[in-house]
Amino acid sequence: MKQHLVFASLALLSVTQLGADWTQFRGSDANGISAEKLPVKFDISDGTNIAWTVDLPGRGLSGPIVIGDRVYLTASSGFRQDRLHVLCINAQTGATIWHRQFLATGRTMSHPKMCNATPQPASDGERIFAFFSSNDLICLDLDGNLQWYRGLTHDFPNASNSLGMASSPVVVGNQVVVQVENASESFATAMDVETGEQTWKIDRPVGNNWTSPTVLSGRTPDEKFVVLQSGENLIGYNPQTGQEVWKHSAECATIPSATVVGDMLYVPSQGLTALRYIPDSDAPEVVWQEQRLGPSTPSPIVYDGRVYTTNRAGVLRAGDAANGDMLWQLRLKGPFSGTPVIADGKMYLFSEKGLAQVVDLTGKKGKLVHSAEFVDTILCTPAAANGALYVRSDEHLWKITEKK
């Protein structure tokens, strides 16, 4: 059932990521939107707009992050996927600045499609927080010096699942929050970014869950909520205390994550549900619901008043972000695992089989304007910063940018 309600948040539906850095899963604002202008055409076969290619030391579904002129990413290697890698790459040259290796302290088993380096790292601009499926959380400074290390399996020995964990960390003020949900010992916890000491820990619904936390701003710039999604509900917590502030009591997807735009949340629930945060209320307002906009693995993305999702058949669908009305759909070559990136009216999608597809979103309907074959399986969400798109596979990291 679709609910149509008028709301005053339309001006917030066209957003761009502030700043050039890309500091976490789906970018610094966790919305998949970049203010960059990226090349529309690129090709690894002849090097068109490929600045460099870096060989990687192990597997990884985790996308890169970008801080200044450095690219950071994780990988895992070894027969048991128990060797953990954190790398820093020079964004200009592709040269490795530093490479740190650690041994996993928790369980490293996963589905063959996944690996230990599935969660995307995050940064507060001073530190790198590298989280792995083995529930190892490693904090390094930007020069690769170890600040602290938390092997969460030591504290919570039953927290794992046989398919592998995928939730990426999020930084909220002076806290780094991780969501560790599984069929045994499910919880979320926050650590002080400087010391790694646990600030709070809360029990979470028991059940395998691969979604990532996101952040919703409240009435003031200092009021923020860390939003956790599960198969049972969507809850906003105080990031300093872990106290529950509001709840949306409905089943949600356990793979694609909610997207926040201003006071709106676009949640993979009953297809796709648009919620509006109401100050001092214990529940957000349901604005609309649309079954046909339900996403598969990639998270929804909102741009210029439209919400975009991809389904299991590889169909890109566009809906009106204000009321959920279906606007158009475009069949692409999927399937897709990584959430796409939108920059300058173009959507950049990479299929699991390594096919890059660029869709122009500026017309009445989406139009495929470029495609390029990459030779590797690509499961990550790319990063966009400083006029470049960074995408990784198990074996390679590519920088795509206009060659001068």
K.L.:
Which heavy-atom pair separates L137 from F129 by the least distance, and what is that distance?
P.N.:
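Taking L137 first and F129 second, the nearest heavy atoms are CD1-CB, 4.3 Å.
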K.L.:
Could E373 and K353 be called an ion pair, given the rule that one side-chain N must be under 4.0 Å from one carboxylate O?
P.N.:
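Salt bridge: no.
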K.L.:
For S167 versus T211, what's the shortest heavy-atom pair and its separation?
P.N.:
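The pair with the smallest heavy-atom distance is OG-O, 2.7 Å.
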K.L.:
So, are R70 and D143 salt-bridged, with charged N and O less than 4.0 Å apart?
P.N.:
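A salt bridge is present here (some side-chain N lies under 4.0 Å from a carboxylate O).
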K.L.:
What's the verdict on side chain to side chain donor-acceptor pair (under 3.5 Å) for S28 and T23, showing C-alpha distance, side-chain angles and the deciding distance?
P.N.:
CA-CA 5 Å; S28 298; T23 59; 3.1 Å; yes
K.L.:
Is the shortest side-chain heavy-atom distance between V170 and V176 below 4.5 Å?
P.N.:
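Result no, sub-4.5 Å side-chain heavy-atom pair not found.
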K.L.:
Do S217 and K224 pass the side chain to side chain donor-acceptor pair (under 3.5 Å) test, and can you show the C-alpha distance, the side-chain angles, and the key distance before you say yes or no?
P.N.:
CA-CA 4 Å; S217 295; K224 296 185 183 301; 3.2 Å; yes
K.L.:
Sort and list the pairs that fulfil ring pair (Phe, Tyr, Trp, His ring centres under 6.0 Å) and have at least one residue in residues 356-383, not counting sequence neighbours.
P.N.:
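Those involving residues 356-383 are F42-H370, F350-F374, F374-W398.
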K.L.:
With a 4.5 Å cut-off on side-chain heavy atoms, are V226 and L228 touching?
P.N.:
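Sidechains of V226 and L228: in contact.
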K.L.:
Check whether more than 12 heavy atoms from other residues, nucleotides or ligands sit under 6.0 Å from atom CG of D46, and answer yes or no.
P.N.:
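More than 12 within 6.0 Å, yes.
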K.L.:
Please check if the side chain of N49 supplies one atom and the backbone of K41 the other of a donor-acceptor pair under 3.5 Å.
P.N.:
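Answer holds: yes.
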K.L.:
So, the side chain of D360 versus the backbone of V369: is there a donor-acceptor pair under 3.5 Å, distance only?
P.N.:
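Looks like no, no N/O pair under 3.5 Å.
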K.L.:
Go through the side-chain N and O atoms of N174 and Q240 and say whether any donor and acceptor fall under 3.5 Å apart.
P.N.:
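Checked: N174/Q240 side chains pair up, N/O donor to acceptor below 3.5 Å.
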K.L.:
Are the side chains of F102 and D136 in touch, meaning some heavy atoms are under 4.5 Å apart?
P.N.:
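Sidechains of D136 and F102: no contact.
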K.L.:
Among residues at least two apart in sequence or on other chains, which ones pass side-chain contact (heavy atoms from CB on, under 4.5 Å) with V206?
P.N.:
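Residues passing side-chain contact (heavy atoms from CB on, under 4.5 Å) with V206: none at all.
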K.L.:
Please report the C-alpha distance between E402 and K37 in whole Å, then the side-chain angles of each, then the deciding distance to 0.1 Å, and finally whether the salt bridge (Lys or Arg N to Asp or Glu O under 4.0 Å) criterion is met.
P.N.:
CA-CA 9 Å; E402 291 283 355; K37 185 173 183 179; over 6 Å; no
K.L.:
Would you find a donor on one side and an acceptor on the other, under 3.5 Å apart, between the side chain of K333 and the backbone of G314?
P.N.:
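Looks like no, no N/O pair under 3.5 Å.
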K.L.:
Side-chain contact, heavy-atom cut-off 4.5 Å: R100 with H85?
P.N.:
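No; the side chains remain at least 4.5 Å from each other.
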K.L.:
Among pairs that include at least one residue of residues 304-336, which meet ring pair (Phe, Tyr, Trp, His ring centres under 6.0 Å), considering only residues two or more places apart or in two chains?
P.N.:
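Non-adjacent pairs meeting ring pair (Phe, Tyr, Trp, His ring centres under 6.0 Å): Y308-W328.
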K.L.:
What's the verdict on side chain to side chain donor-acceptor pair (under 3.5 Å) for S371 and Q357, showing C-alpha distance, side-chain angles and the deciding distance?
P.N.:
CA-CA 4 Å; S371 61; Q357 295 163 88; over 6 Å; no
K.L.:
Can S133 and R107 be counted as having a side-chain donor-acceptor contact under 3.5 angstrom?
P.N.:
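Result is no, nothing qualifies.
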K.L.:
Evaluate the criterion side-chain contact (heavy atoms from CB on, under 4.5 Å) for residue pair Y72 and V66; output intermediate values, then yes/no.
P.N.:
CA-CA 6 Å; Y72 300 88; V66 184; over 6 Å; no
K.L.:
Counting only heavy atoms from other residues, nucleotides and ligands, does the tally under 6.0 Å from NZ of K364 exceed 12?
P.N.:
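No, because the 6.0 Å sphere around NZ of K364 holds 12 heavy atoms or fewer from other groups.
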K.L.:
List for me each residue that meets side-chain contact (heavy atoms from CB on, under 4.5 Å) alongside H154, sequence neighbours excluded, and say none if there are none.
P.N.:
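Once residues adjacent in sequence are excluded, H154 has no partner under the side-chain contact (heavy atoms from CB on, under 4.5 Å) criterion.
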K.L.:
Please check if the side chain of N386 supplies one atom and the backbone of G68 the other of a donor-acceptor pair under 3.5 Å.
P.N.:
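Yes.
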K.L.:
Are any of the side-chain heavy atoms of L293 and Q291 separated by less than 4.5 Å?
P.N.:
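Not in contact.
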K.L.:
For the pair W98 (side chain) and I89 (backbone), establish whether a donor and an acceptor sit closer than 3.5 Å, ignoring hydrogens and angles.
P.N.:
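Answer holds: no.
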K.L.:
Of all heavy-atom pairs between P121 and I65, which one has the smallest distance, and what is that distance?
P.N.:
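It is O-CG2, 3.3 Å.
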K.L.:
Report yes or no: do E181 and N209 form a side-chain donor-acceptor pair below 3.5 Å?
P.N.:
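Checked: E181/N209 side chains pair up, N/O donor to acceptor below 3.5 Å.
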K.L.:
Answer whether the closest heavy-atom distance between the side chains of F25 and S299 falls below 4.5 Å.
P.N.:
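Touching, per the 4.5 Å side-chain cut-off.
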K.L.:
For the residue pair P64 and V71, what are the closest heavy atoms and their distance?
P.N.:
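Of all heavy-atom pairs spanning P64 and V71, the closest is CB-CG1, 3.7 Å.
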K.L.:
Check T74 against P119 and note the closest heavy-atom contact, atom names and distance.
P.N.:
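Closest heavy-atom pair between T74 and P119: OG1-O, 4.0 Å.
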K.L.:
How close do Q175 and A190 get, heavy atom to heavy atom, and via which atoms?
P.N.:
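So the minimum-distance heavy-atom pair works out to OE1-CB, 3.7 Å.
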K.L.:
Is any side-chain heavy atom of V358 less than 4.5 Å from a side-chain heavy atom of L368?
P.N.:
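No. Closest side-chain heavy atoms not under 4.5 Å.
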K.L.:
Are a donor atom and an acceptor atom from the side chains of S62 and R392 found within less than 3.5 Å of each other?
P.N.:
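Per modelled atom types, S62 and R392 side chains form a pair under 3.5 Å.
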K.L.:
Heavy-atom count check: over 12 atoms from other residues, nucleotides or ligands less than 6.0 Å from E251 CD?
P.N.:
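No, because the 6.0 Å sphere around CD of E251 holds 12 heavy atoms or fewer from other groups.
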K.L.:
Look at the side chain of N135 and the backbone N and O of A159, then say whether any donor-acceptor pair between them is shorter than 3.5 Å.
P.N.:
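Answer holds: yes.
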K.L.:
Is there a salt bridge (Lys or Arg N to Asp or Glu O under 4.0 Å) between K201 and D155? Walk through the geometry before answering.
P.N.:
CA-CA 11 Å; K201 180 257 184 183; D155 299 321; over 6 Å; no
K.L.:
Do D376 and S393 get their side chains close enough for a donor-acceptor pair, meaning under 3.5 Å?
P.N.:
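Result is yes, a qualifying pair exists.
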K.L.:
Taking the six-membered ring for Trp, is the centroid-to-centroid distance between F225 and Y277 below 6.0 Å?
P.N.:
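When the ring centroids of F225 and Y277 are compared, they turn out to be within the sub-6.0 Å range.
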K.L.:
Are any non-hydrogen side-chain atoms of L272 and V307 less than 4.5 angstrom apart?
P.N.:
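Counting from C-beta outward, L272 and V307 do come under 4.5 Å.
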K.L.:
Nearest 0.5 Å, what's the CD-CZ distance between E285 and R276?
P.N.:
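The CD atom of E285 sits 4.0 Å away from the CZ atom of R276.
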K.L.:
Under the rule for side-chain contact (heavy atoms from CB on, under 4.5 Å), what residues qualify as partners of L38, not counting sequence neighbours?
P.N.:
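If we apply the side-chain contact (heavy atoms from CB on, under 4.5 Å) test to L38, skipping adjacent residues, the hits are E36, A343, Y348, A384, L389.
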K.L.:
Kindly write out the residues that satisfy side-chain contact (heavy atoms from CB on, under 4.5 Å) with D222, not counting sequence neighbours, or none if the list is empty.
P.N.:
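Only T220 meet the side-chain contact (heavy atoms from CB on, under 4.5 Å) criterion with D222.
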K.L.:
Please answer whether the main-chain N or O of C115 pairs with a side-chain N or O of T118 as donor and acceptor at a distance below 3.5 Å.
P.N.:
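Side chain of T118 to backbone of C115, a donor-acceptor pair under 3.5 Å: yes, one is there.
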K.L.:
Quick one: does Y303's side chain have a donor or acceptor within less than 3.5 Å of a partner on G345's backbone?
P.N.:
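Yes; at least one donor-acceptor contact below 3.5 Å.
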